[in-house]
**Q** 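If you scroll down you'll find the structure; I have some questions about it.
Atoms within a ligand are numbered from 1 in the order they appear, just like the ligands themselves. These values consider heavy atoms only, across backbone and side chains, with no hydrogens, waters or symmetry-generated copies. Because the structure is predicted, anything quoted here is derived from the model rather than measured.
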Amino acid sequence: MLSQKSIQIIKSTVPLLEKYGVEITRLFYKNMFEAQPQLLNIFNHSNQRNQKQPVALANTILQSAIHIEKLNEINLMPIVHKHVALGITPEMYPIVGAHLLGAMKIVMQDEATPEIMAAWTEAYRAVAQAFMDAEEDLYFETEEQIGGWKDTREFVVDRIEEETPLIKSFYFKPLDCKEIATYIPGQYITVKITLQGDGVDVPTDKMRTYVRHYSLSDKPNDEHYRISVKKELGKNNTPNGIVSNHFHNVIKVGDIVPMSVPAGDFVVDNDSETPILLICGGVGINPLFSMLKETLVQQPDRKINFIFCTHSESTQPFKEELKQLEDDYKETGNLKINLVYSENQGHINKEIIEKYSTINVDESEIAETDVYICGPVPFMMQVNKDLLKLGYHKENVHYELFGPLTPVLEENQMLRGVKNIIEN
Ligand SMILES: Cc1cc2nc3c(=O)[nH]c(=O)nc-3n(C[C@H](O)[C@H](O)[C@H](O)COP(=O)(O)OP(=O)(O)OC[C@H]3O[C@@H](n4cnc5c(N)ncnc54)[C@H](O)[C@@H]3O)c2cc1C
Ligand code: HEM
């Protein structure tokens, strides 16, 4: 519990954090990686390069300062799930704390008075404790469940399917042939790929581990985990994505891939009976396709509208599976699958959403509809704006980001100047 004095001081630093937040977190990462190079193996360097991770951290610190007297009201769970997927341990918290507070002092200079530093030291301990407690619980749950495990477990690539020229599905079975943990549709697994240095960021005589999350794209089953990976091609002379190209160009049936247990709190609520609206763009279809398949099994009477936006038929994954679902559930009249090809219909807009989201639901049901969105950030921002105009309720709209978490749907809560960073 923080003292009243510290609470007041932390609140008074909100304008400073708005001003210096991203500068502090950028310096924090630079200094920490210099002092602790082994940590380079658990962070995603692309998220450092494009600044999304420093922004996500700065934003969380800002939110912690704003809500300091009711820390328990901040939803830490998306970060807790990421930390658990990455194997973050309590011993790492003092290292992060020392570098974070050190960076605050360097960036804020005289504005970082001894009182401010003392209050932030106390606050860091409180926030870190909240994370460590929640992470301990989640580690316990994930390890103790049937088929669960801690850290990494080795899986064998059992099958590879080409969904589109740029998306391949990989089916994994455990090397130990024992049971696998189930998951809630919407969750992701985290792969750890160790490669020889590329001679650019990492010397060629050194190895580097690349950690990446991939949403599970099939419904939960006892047999396999399926992920569907989009090959990231570099834009404007930038290098191609490391891990996705490794999956597409190198990984073959029989290869072994270490991964951590399914995690993530972007999950479908199959206890609710209200209509469900799933809106996805591009490879963002993966978590929503898992949700769609599982909801149809668990709740065949629930009304579902599925809107999938992609460039054209040639870029559409899961064609046959979608067709099969449409045929299987035609009789019920509850499922409507809507494909929006931008080459014919342009990008998604309010009219398209209105047309497809109300096919099998009444206007009176809109406010209670559960909405799940996944796709590129500008896509999700546009869809969210349109949904609110159409009467969908903010608290019923859930979204997944294929990158560091930032409150993309709540522009008023964003740190100044970061909109461009997260949109690109
Ligand atoms: C919760 C979650 C779920 C996800 N689910 C999926 C999924 O189901 N399917 C899927 O395909 N992906 C998914 N992702 C994204 C995935 O984790 C990876 O981020 C993605 O595959 C790209 O990784 P990469 O190693 O190939 O690219 P990286 O090497 O990380 O590169 C990322 C981007 O940065 C660019 N880049 C690289 N180097 C530079 C440079 N020097 N300068 C400028 N630009 C550069 C690359 O061209 C590329 O576009 C998910 C992410 C999260 C967080
Ligand atoms: C109170 C302390 C901490 C806060 C507020 C914090 C906050 C965050 C936030 C906001 C994210 C982004 C979540 C996302 O990617 O979706 C994140 C991710 C991450 N955190 Fe933490 N974190 C803390 C402690 C730690 C510690 C102790 C470690 C261990 C070194 C750590 C390692 C990571 C890693 C590796 C990621 C993923 C980043 C990436 O994608 O590169 N964090 N954290």
**Q** Does ligand 1 have an atom that lies less than 4.0 angstrom from a heavy atom of N47?
**A** no
**Q** For N47, is at least one N or O under 3.5 Å away from an N or O on ligand 2?
**A** yes
**Q** Which of the atoms of ligand 2 are close to P404, meaning less than 4.0 Å from one of its heavy atoms?
**A** 14 (C), 15 (O), 16 (O)
**Q** Mind running side-chain hydrogen bond (donor to acceptor under 3.5 Å, both in side chains) on Y341 and E313 for me, showing each step along the way?
**A** CA-CA 7 Å; Y341 294 145; E313 199 184 349; 5.0 Å; no
**Q** Only heavy atoms count here, so choose which of I242, I285, N44 is nearest to atom 29 (O) of ligand 1.
**A** I242
**Q** Heavy atoms only: which of R212, K231, H213 lies closest to atom 16 (C) of ligand 1?
**A** H213
**Q** Begin from the C-alpha positions of F155 and I256 and carry the test side-chain contact (heavy atoms from CB on, under 4.5 Å) through to its verdict.
**A** CA-CA 5 Å; F155 281 74; I256 293 172; over 6 Å; no
**Q** N/O of N44 under 3.5 Å from N/O of ligand 2, yes or no?
**A** yes
**Q** Does ligand 1 have a heavy atom under 4.0 Å from the side chain of H246, from its backbone, from both, or from neither?
**A** neither
**Q** When you measure from the heavy atoms of V283 to every atom of ligand 1, does any distance fall below 4.0 Å?
**A** yes
**Q** For ligand 2, which is the ligand I care about here, please tell me if K82 has any N or O atom under 3.5 Å from one of the ligand's N or O atoms.
**A** yes
**Q** Do H224 and D218 pair up side chain to side chain, a donor and an acceptor below 3.5 Å, judged on atom types alone?
**A** yes
**Q** Between G284, G264, G241, A263, flag the one that comes closest to atom 27 (O) of ligand 1 by a heavy atom.
**A** G241
**Q** Any chance CD of E320 has more than 12 other-residue heavy atoms, nucleotides or ligands included, within less than 6.0 Å?
**A** no
**Q** At a 4.0 Å cut-off, with the gap strictly under it, does some heavy atom of G403 reach an atom of ligand 1?
**A** yes
**Q** Counting only heavy atoms, which portion of I227 has something under 4.0 Å from ligand 1: side chain, backbone, both, or neither?
**A** neither
**Q** With respect to atom 47 (O) of ligand 1, which of S169, P239, S244 exhibits the smallest heavy-atom separation?
**A** P239
**Q** For a side chain to side chain donor-acceptor pair (under 3.5 Å) with Y93, tell me which candidate from R125, Q129, E135 qualifies.
**A** E135
**Q** Is it true that atom NZ of K219 has more than 12 heavy atoms of other residues, nucleotides or ligands lying nearer than 6.0 Å?
**A** no
**Q** Determine if the distance from atom 33 (C) of ligand 1 to the closest protein heavy atom is below 4.0 Å.
**A** no
**Q** What part of Q53 sits under 4.0 Å from ligand 2 if we count only heavy atoms: the side chain, the backbone, both or neither?
**A** side chain
**Q** Please could you name the atoms of ligand 2 that V96 approaches to less than 4.0 Å, counting only its heavy atoms?
**A** 26 (C), 27 (C), 28 (C), 30 (C)
**Q** What atoms of ligand 2 come closer than 4.0 angstrom to any heavy atom of Y124?
**A** 1 (C), 2 (C)
**Q** Can you tell whether the side chains of E321 and R226 come within less than 4.0 Å, N to carboxylate O?
**A** yes
**Q** What atoms in ligand 2 come closer than 4.0 Å to a heavy atom of L57?
**A** 4 (C), 5 (C), 6 (C), 7 (C)
**Q** Counting each atom of ligand 2 from 1 as listed, which ones have a heavy atom of V127 under 4.0 Å away?
**A** 1 (C)
**Q** Which residue in the set Y214, F318, Y188 passes side-chain contact (heavy atoms from CB on, under 4.5 Å) when paired with N286?
**A** F318
**Q** Among all protein non-hydrogen atoms, which one is nearest to atom 31 (C) of ligand 2, and what is the separation to 0.1 Å?
**A** H83 NE2, 3.7 Å
**Q** Could you identify the single nearest non-hydrogen protein atom to atom 31 (O) of ligand 1 and state the distance to 0.1 Å?
**A** S46 OG, 3.3 Å
**Q** Could you check whether any heavy atom of Y210 sits closer than 4.0 Å to an atom of ligand 1, since that is the contact criterion I want to use?
**A** no
**Q** If we set the cut-off at 4.0 Å for heavy atoms, which region of Q48 has an atom near ligand 2: side chain, backbone, both, or neither?
**A** neither
**Q** Between S312 and E343, is any side-chain donor less than 3.5 angstrom from a side-chain acceptor?
**A** no
**Q** With atom 45 (C) of ligand 1 as the reference point, say which of I189, V243, T238 has the nearest heavy atom.
**A** T238
**Q** Judged on heavy-atom distance to atom 1 (C) of ligand 1, which of F247, Y188, F266 sits nearest?
**A** Y188
**Q** Return yes when atom CD of E136 has more than 12 non-hydrogen atoms of other residues, nucleotides or ligands closer than 6.0 Å, and no otherwise.
**A** no
**Q** Near K5 NZ, under 6.0 Å, is it more than 12 heavy atoms from other residues, nucleotides or ligands?
**A** no
**Q** With respect to atom 9 (N) of ligand 1, which of S228, G234, P404 exhibits the smallest heavy-atom separation?
**A** S228
**Q** Is the closest side-chain donor-acceptor distance between N44 and Q48 under 3.5 Å?
**A** no
